[in-house]
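Step one of this worksheet: look at the structure below.
Chain letters run A, B, ... following the sequence lines, proteins first and then strands; every chain starts at 1.
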Protein chains: 2
Amino acid sequence: MPEPVPELCRRIRQNELFSHLYMERQTTIKDIAVALRLSKSTVSRALRDAPDIKIETKKAVKALAEELDYQPNKLALSLLNRQTHTIGVIIPNLDYVLSTMVKGIDEVALEAGYTVMVCQSDESFGREIVNTKRLLESLVDGFIVSVSSETKVFEHIKKIQNKKIPLVLFDRVVNHISCPSVRLDNIAGGVLATQHLVDQGYKRIAILAGPENLNISNKRMEGYLQTLKLNGLRPDKRMIIHCDFNQQYAYEATKELLAMKQPPDAIFTISDRMAIGAMLAIKEKGLQMPDDIGLVGFNNEPVTSLVSPSISSVEMYAFEMGKATAKLFIEMLNSDDTMAHQEIVIKPKLFIRESSKRIITKKDRNNSA
Amino acid sequence: MPEPVPELCRRIRQNELFSHLYMERQTTIKDIAVALRLSKSTVSRALRDAPDIKIETKKAVKALAEELDYQPNKLALSLLNRQTHTIGVIIPNLDYVLSTMVKGIDEVALEAGYTVMVCQSDESFGREIVNTKRLLESLVDGFIVSVSSETKVFEHIKKIQNKKIPLVLFDRVVNHISCPSVRLDNIAGGVLATQHLVDQGYKRIAILAGPENLNISNKRMEGYLQTLKLNGLRPDKRMIIHCDFNQQYAYEATKELLAMKQPPDAIFTISDRMAIGAMLAIKEKGLQMPDDIGLVGFNNEPVTSLVSPSISSVEMYAFEMGKATAKLFIEMLNSDDTMAHQEIVIKPKLFIRESSKRIITKKDRNNSA
DNA sequence: TTGTAAGCGTTATCAT
DNA sequence: ATGATAACGCTTACAA
């Protein structure tokens with residue numbers, strides 16, 4: 001009997017400390033060791049098939065482990081290895097695009113043995129900061145972040161970097177932060193949509209852009225502006241509306257657009273939600289798509305092909321983007337190259353549908369959904 | 001110099017073990033203790049404002065902690081307290097309803113100091129089991145679960161209960177499992193929708209029900225059947241279609257329904273996605289809502305008021321339900337009553353819109369969105 | 001082939 | 001008012 005008293009103390013303390021917990025105590029290595037009259041280290045090694053353990057011992061240990069449903073305690077491991085095998089994901093919301101991306105991230109992460117902790121900032125800067133702090137406290141192995149539309153200052157992100165914690169930005173990438181990232185070629189998206197409208201003969205093309213400080217909005221708009229100029233069309237400030245990613249705002253903005261003396265004959269909205277808002281306003285006004293007015297959205301959400309008329313939209317491959325992001329993140333984690341600055345850019349594709357197709361060409365036919 | 005060698009060993013081991021990690025080592029209590037020539041315990045107590053620590057000491061400790069950006073290591077705490085302050089949430093997908101519910105869960109959990117780990121089973125039984133296992137390994141303090149549509153066997157859920165780990169079921173509640181739960185009064189939902197259609201004078205009311213083994217489908221259908229009988233309408237088997245929660249299936253099912261010799265003059269779909277699928281098929285057939293055919297959906301998703309005609313739908317208060325679920329869970333965690341079997345049932349409300357409103361009554365006017 | 005002991009970061013108990 | 005120690009569950013260098 002080498003140490004009977006400490007053992008007793010342990011039991012007592014446990015009862016005192018943990019009386020409020022009614023969960024069953026998990027089997028530990030020590031339980032197996034005591035039962036088999038072995039030391040903890042032997043059991044540990046046997047479990048992990050160390051070469052220097054007798055085969056019989058291994059068998060006995062494994063058999064008992066199985067019987068007692070032994071599961072290594074992740075907390076202890078994490079404390080020891082300083083790795084939680086957890087990725088903190090911060091996203092602004094859980095709309096169609098983001099939740100599809102999260103699905104992609106999840107899939108890859110799981111396969112690589114990582115668990116994902118998803119926090120929504122709800123497009124709020126304050127909540128994004130809180131989320132960052134919490135995930136930092138949770139000792140996640142790294143961050144995958146898409147910033148909120150309110151976020152204009154990036155100290156919380158820089159804090160992650162200062163702590164040398166792996167970070168990948170996705171979708172809503174930030175210029176001020178230098179780190180690996182995955183994003184859509186948003187300019188190309190704007191170009192695709194706008195050029196298509198120009199090709200269809202629309203002349204006064206308005207854009208419902210998102211919040212002004214959001215890169216994805218500005219890039220899509222940049223594509224829009226470039227395309228107008230390229231086709232000799234003069235951009236008109238009154239045709240450029242900044243509004244929240246929100247069908248309600250889009251609805252109202254469209255109403256105003258249509259009430260102008262020289263209303264637009266086409267609208268490019270940088271999200272499908274906004275496209276639906278716009279569509280509502282257009283229908284209310286009694287205008288026909290695509291004849292009176294053309295409409296192109298962004299994201300290629302399933303709903304675009306379900307409404308009538310179906311809405312042309314720019315596909316951004318959200319699921320693939322999510323997967324690519326997680327892959328990049330995991331590569332980064334496993335590489336020694338601390339500051340591998342890869343930027344993955346996904347190319348969008350336009351799906352042409354009824355809302356904007358007034359000229360039927362071969363090209364359109366190939367492109368259509 | 002009481003122990004110079006162990007300290008050295010420590011540094012060496014750290015470098016060996018953790019050279020693959022380039023994260024900065026976090027400040028620990030020990031760092032502060034060494035710097036201030038105090039013991040770990042004193043620092044620990046000072047940090048937590050123990051009454052028996054000298055004020056100067058406290059000040060010094062706190063100042064240094066601040067300066068070094070000290071954060072208590074959650075892993076160590078969790079290991080000690082056997083509490084991770086983490087809730088495992090398993091959901092079948094991230095559609096509008098579920099993501100709204102998750103938002104509600106998140107909000108309450110965060111406030112109570114819990115972090116949420118969300119796993120999607122993607123409506124797959126296999127993935128649900130994997131998720132359960134992973135969250136169990138992650139030592140979550142408890143589970144909040146909504147089962148997949150494929151799940152017909154519940155051993156994995158029972159395993160959670162056998163381990164005496166707190167469990168709350170929500171939305172898709174399972175009869176075979178006895179535990180606290182939060183759900184919609186789905187029968188009432190079915191009744192609301194069906195009675196409304198009857199009141200509007202529809203006679204041949206079809207239902208697009210969900211998967212057969214899903215409780216929420218069956219309950220909504222039960223409400224439908226009850227209401228028909230109550231109004232002296234004979235249920236017709238051909239008017240009852242089981243199909244996946246999916247606009248595509250709903251679209252095809254509706255097409256078949258409309259192709260019948262005696263087609264329905266109203267359709268109740270138990271989700272809005274399905275309602276949109278149905279609507280597509282109806283429009284394709286050239287039928288007018290609400291005159292030729294009535295349509296009522298379920299969930300009251302924003303899209304219902306955005307399509308034309310807008311779709312009547314049963315509101316299930318998803319956000320509130322999520323909040324209620326998390327509250328119940330946390331209550332349960334803090335109560336000694338291990339098996340507090342509360343069942344919270346949320347009452348649905350019908351929002352009447354264009355797709356089914358062919359008689360305008362006072363009551364309708366009050367109810368409409 | 002196996003056991004011992006130290007350490008990951010923290011707190012509670014007991015001693016000083 | 002402060003320190004020493006053991007413990008949470010695990011791994012590993014070193015000793016036997």
I need the NZ-C1' distance between B:K30 and D:dG3, as an integer number of Å.
15 Å
In whole Å, I'd like the distance from the CD atom of B:Q83 to the P atom of C:dG9.
22 Å
Looking at B:I87, is its backbone amide N or carbonyl O close enough to the side chain of B:D141 to form a donor-acceptor pair, meaning the two atoms are under 3.5 Å apart?
no
Picking from C:dT10, C:dT11, D:dC10, which would you name as closest to the side chain of A:L77?
D:dC10
Listed nucleotide nearest any side-chain atom of A:T28, set D:dA1, D:dG9, C:dT10:
D:dG9
A:R45 near the nucleic acid: base, sugar-phosphate alone, or nothing, with a heavy-atom cut-off under 4.0 Å?
base
For the residue pair A:H85 and A:Y114, does the interplanar ring angle fall in the parallel (under 30°), tilted (30 to 60°) or perpendicular (over 60°) class?
tilted
If you look at every strand shown and take non-hydrogen atoms under 4.0 Å, does B:T57 touch a base, only sugar-phosphate, or nothing?
sugar-phosphate
When rounded to whole Å, the NZ to C1' distance for the pair B:K59 and D:dA1 reads 17 Å
When you measure from the side chain of B:S78 to the backbone N and O of B:K74, does any donor-acceptor pair fall under 3.5 Å?
yes
Any base atoms under 4.0 Å from A:E56, or only sugar-phosphate, or nothing? Heavy atoms, all strands.
nothing
With heavy atoms under 4.0 Å as the rule, sort A:L38 into base, sugar-phosphate or nothing.
sugar-phosphate
A:K40 NZ to C:dA6 P, straight-line distance once rounded to whole Å
12 Å
Please determine whether a side-chain nitrogen or oxygen atom of B:S41 lies at a distance below 4.0 Å from atom OP1 or OP2 of D:dT2.
no
Looking across every strand, which nucleic acid part, if any, lies under 4.0 Å from A:N73 by heavy atom: base, sugar-phosphate, or nothing?
sugar-phosphate
How close or far is atom P of D:dC10 from atom CG of A:L47, stated in whole angstroms?
9 Å
Tell me: CG of B:L79 to P of D:dC10, nearest whole Å?
9 Å
Is B:E107 reaching over with its side chain to a backbone N or O of B:G322, donor-acceptor style, under 3.5 angstrom?
no
May I have the distance from A:L80 (atom CG) to C:dT10 (atom P), rounded to whole angstrom?
15 Å
Using whole Å, what does the distance between atom P of nucleotide D:dG9 and atom CG of A:N81 come to?
17 Å
Output yes when a side-chain donor or acceptor of A:S138 lies under 3.5 Å from a complementary backbone atom of A:V140, and no otherwise.
no
